[in-house]
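FYI, side chains are in, hydrogens and waters are out, and symmetry mates aren't considered; it's all heavy atoms of this structure. In listed order, ligands and their atoms are each counted from 1. Only a predicted model underlies this, so the values are computations on that prediction, with no experimental measurement involved.
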Amino acid sequence: MESEWLIKTVAGFLGFVTRREGSKFLQLSDRLDEKAIRLGNELRDDISLYVHIPFCRTLCPFCCFNRYLFNEARARRYFTNLRQEVDLYIQKGFRFSAIYFGGGTPTVLMDELLDFIGFLRKNFDVKRVSLETTPRELNPETIRLLKTAGINRLSIGVQSFDDDLLKAMGRTNTTGEEARVKLLLAQGNFDTVNIDLIFNFPGQSLDKFKEDIATFKDLGIDQATFYPLMPSPHKMTALERKFKKVDTSREKDFYNIILRDVFEAGYRMSTVWCFSRGNRMIDEYIVDYDDYIGVGAGSVSFLKGNFLVNTFSPERYDELISQGRLPILRWRRLSERESLRYYMLTRLFGTTLDSLKFRQRFGGDINSKLGLELAFLRLFGLVQGDQKITVTRKGMYPVSSMMKEFFAALNGLREYCIEKKI
Ligand SMILES: C[S@@+](CC[C@H](N)C(=O)[O-])C[C@H]1O[C@@H](n2cnc3c(N)ncnc32)[C@H](O)[C@@H]1O
Ligand code: SF4
């Protein structure tokens, strides 16, 4: 009991520090230094590409991502612009082999999506592709097309199998039964099928969450990513405004269920939110890759210590691309300390901080460069090991809190950009 209290307190403290550190990502310059997006001579293969498709057929009020109501003409123009944006990176010498499609709902316009994937394959030696969608989008035909397009990891936003909860989430156009049927159609057709489940949603009981996990296991799905509900920046409707704040008092109780029913039941931890049967691809370009380029409206990039923010507005995006410009409107060069802490956070989120890789990247000893941070984590038993510093069972929830707060800080950035029409 005491240790439960201690973990919650430590998690609260680490979350607080992370949010404060993350809020520095909001102090941005609007005068982009072109050097920040120069690749130099090292045409590296380890930069991944994130493609944001910000359209959905209906908008879920709790959603904290940059998304807009689907309109076909607007979406077609958007895909044309995406090709031009990628072209601008190609001209700068960038090459990508791992591609992540997120949204929004990337499958809203299948013909454009498939053309775009074809375009990427023509230009790059694509080795793996991960893509998000919703159960509603899936049918035997879309599954066949996605499989033929070589999607390796299909991630499906289920959120919950409980109809009452889906209703409370504003996802009235789908049911738990539909999700089950669609998942069974998809399972086995891709290297990895992942489902997203949300926890700590208002009105969600611990028992319902246990049932969601049981259904995930019964269906034999490869992987599940559990998202703690995060505040949403949207302010359009009263319902959306309801999600500006989130009650975190029960969050740890939900996480304990993940620990017991998933982690201790033998699923492998890929991140502190993502658990798989065996070795599966994960969706975390921020974990697998030191650097990534994000294309599309509302994407961010992280390149050699530079944090780059694209416009959030599809209209502004259209305008900038039509002028032949990269749609990056804000930029920040991270200090060494910020880069170190960002690195530490993302690696711990992915369960392991490797001292050797750290030395290769930062040219120094991890225990001297991150001495204070590691001493704190070790003091409370949140990490273990020297060469490979891994998150302990006790450390999983505090790391989850840190990541959530980091995302919350990025949501602040979204809110700011949307408000200022950036
Ligand atoms: C960008 S969405 C794309 C998935 C797809 N559009 C769908 O809704 O099924 C990826 C995941 O983010 C999660 N998500 C969205 N808003 C969230 C929030 N406010 N807090 C926590 N997770 C959230 C959901 O689990 C969702 O499946
Ligand atoms: S949760 Fe998915 S479907 Fe709902 S608005 Fe967000 S991106 Fe769109």
Checking a contact table here: which protein heavy atom is nearest [atom], and how many Å away?
atom	value
atom 25 (O) of ligand 1	Gln159 OE1, 2.6 Å
atom 21 (C) of ligand 1	Pro228 O, 3.3 Å
atom 15 (C) of ligand 1	Phe65 CE1, 3.4 Å
atom 20 (N) of ligand 1	Met230 N, 2.9 Å
atom 19 (N) of ligand 1	Phe62 O, 2.7 Å

Identity of the nearest option to [atom], non-hydrogen atoms only, from [options]:
atom	options	result
atom 17 (C) of ligand 1	Ser155, Cys64, Ser160	Cys64
atom 2 (S) of ligand 1	His52, Glu132, Arg67	Glu132
atom 6 (N) of ligand 1	Ala408, Cys63, Gly104, Pro61	Gly104
atom 5 (C) of ligand 1	Thr107, Val158, Ile53, Thr134	Thr134

Q. So, do Phe226 and Phe254 have ring centers that fall under 6.0 Å from each other?
A.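 Judged by ring-centre distance (under 6.0 Å), Phe226 and Phe254 do not meet the cut-off.
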Q) Between Phe380 and Phe13, does the ring centre distance come in under 6.0 Å? A)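 No; Phe13 has its ring centre 6.0 Å or more from that of Phe380.
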In terms of relative ring orientation, are [X] and [Y] parallel, tilted or perpendicular, with 30° and 60° separating the classes?
X	Y	answer
Phe199	Tyr255	tilted
Phe55	Tyr78	perpendicular
Phe124	Phe96	perpendicular

Closer than 4.0 Å to some heavy atom of [X] - which atoms of ligand 1 meet that?
X	answer
Arg171	7 (C), 8 (O), 9 (O)
Thr105	6 (N)
Asp196	10 (C), 11 (C), 25 (O), 26 (C), 27 (O)
Thr133	5 (C), 9 (O)
Gly103	1 (C)

Q | Close N or O approach (Ile156, ligand 1; < 3.5 Å) | A |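 Such a contact does not occur with ligand 1.
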Q) For ligand 1, is there an N or O atom under 3.5 Å from any N or O atom of Gly157? A)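 For ligand 1, there is an N or O atom that lies under 3.5 Å from one belonging to Gly157.
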**Q.** Asn139 side chain to Thr142 side chain, donor-acceptor N/O pair below 3.5 angstrom
**A.**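 Yes, because at least one side-chain N or O of Asn139 sits under 3.5 Å from a partner of the opposite role on Thr142.
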Q.
Can you see whether Ser249 engages Asp247 through a side-chain donor-acceptor pair at a distance of less than 3.5 angstrom?
A.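 Note: Ser249 and Asp247 side chains meet the donor-acceptor criterion.
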By number and element, which atoms of ligand 2 are closer than 4.0 Å to a non-hydrogen atom of [X]?
X	value
Gly104	7 (S)
Arg171	1 (S), 3 (S), 4 (Fe)
Arg67	5 (S)

Q.
For Arg57, state whether at least one heavy atom is located under 4.0 Å from any atom of ligand 2.
A.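 It does not; every heavy atom stays at 4.0 Å or beyond.
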Q.
With a 4.0 Å cut-off on heavy atoms, is Gly157 in contact with ligand 2?
A.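 Gly157: no contact with ligand 2 (<4.0 Å).
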**Q.** Side chain, backbone, both or neither: Lys404 near ligand 1, heavy atoms under 4.0 Å
**A.**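 Answer for Lys404: neither.
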Q. Taking all atoms of both residues into account, what is the closest heavy-atom pair of Leu120 and Val126, and its distance?
A.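 The answer is O-CG2, 3.8 Å.
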Q.
Any N/O/S atom from Cys56 (main chain or side chain) under 2.8 Å of atom 8 (Fe) of ligand 2?
A.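 Within the cut-off used here (under 2.8 Å), Cys56 does place an N, O or S atom near atom 8 (Fe) of ligand 2.
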Q. So with a 6.0 Å cut-off around CG of Leu372, is the heavy-atom count from everything else above 12?
A.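 For Leu372, atom CG is not crowded (no more than 12 foreign heavy atoms under 6.0 Å).
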Q: Answer yes or no for Arg347 and Tyr343: cation-pi contact, defined as NZ/CZ to six-membered ring centre under 6.0 Å and angle to ring axis within 45°.
A: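 The answer is yes, since Arg347 meets both limits relative to Tyr343.
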Q: Report yes or no: is the cationic atom of Arg332 (NZ for Lys, CZ for Arg) closer than 6.0 Å to the six-membered ring centre of Phe307, at no more than 45° off its axis?
A: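 No.
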Q. Does any N or O in the side chain of Arg121 come within less than 3.5 Å of the main-chain N or O of Ala149, such that one atom is a donor and the other an acceptor?
A.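 It does hold such a pair.
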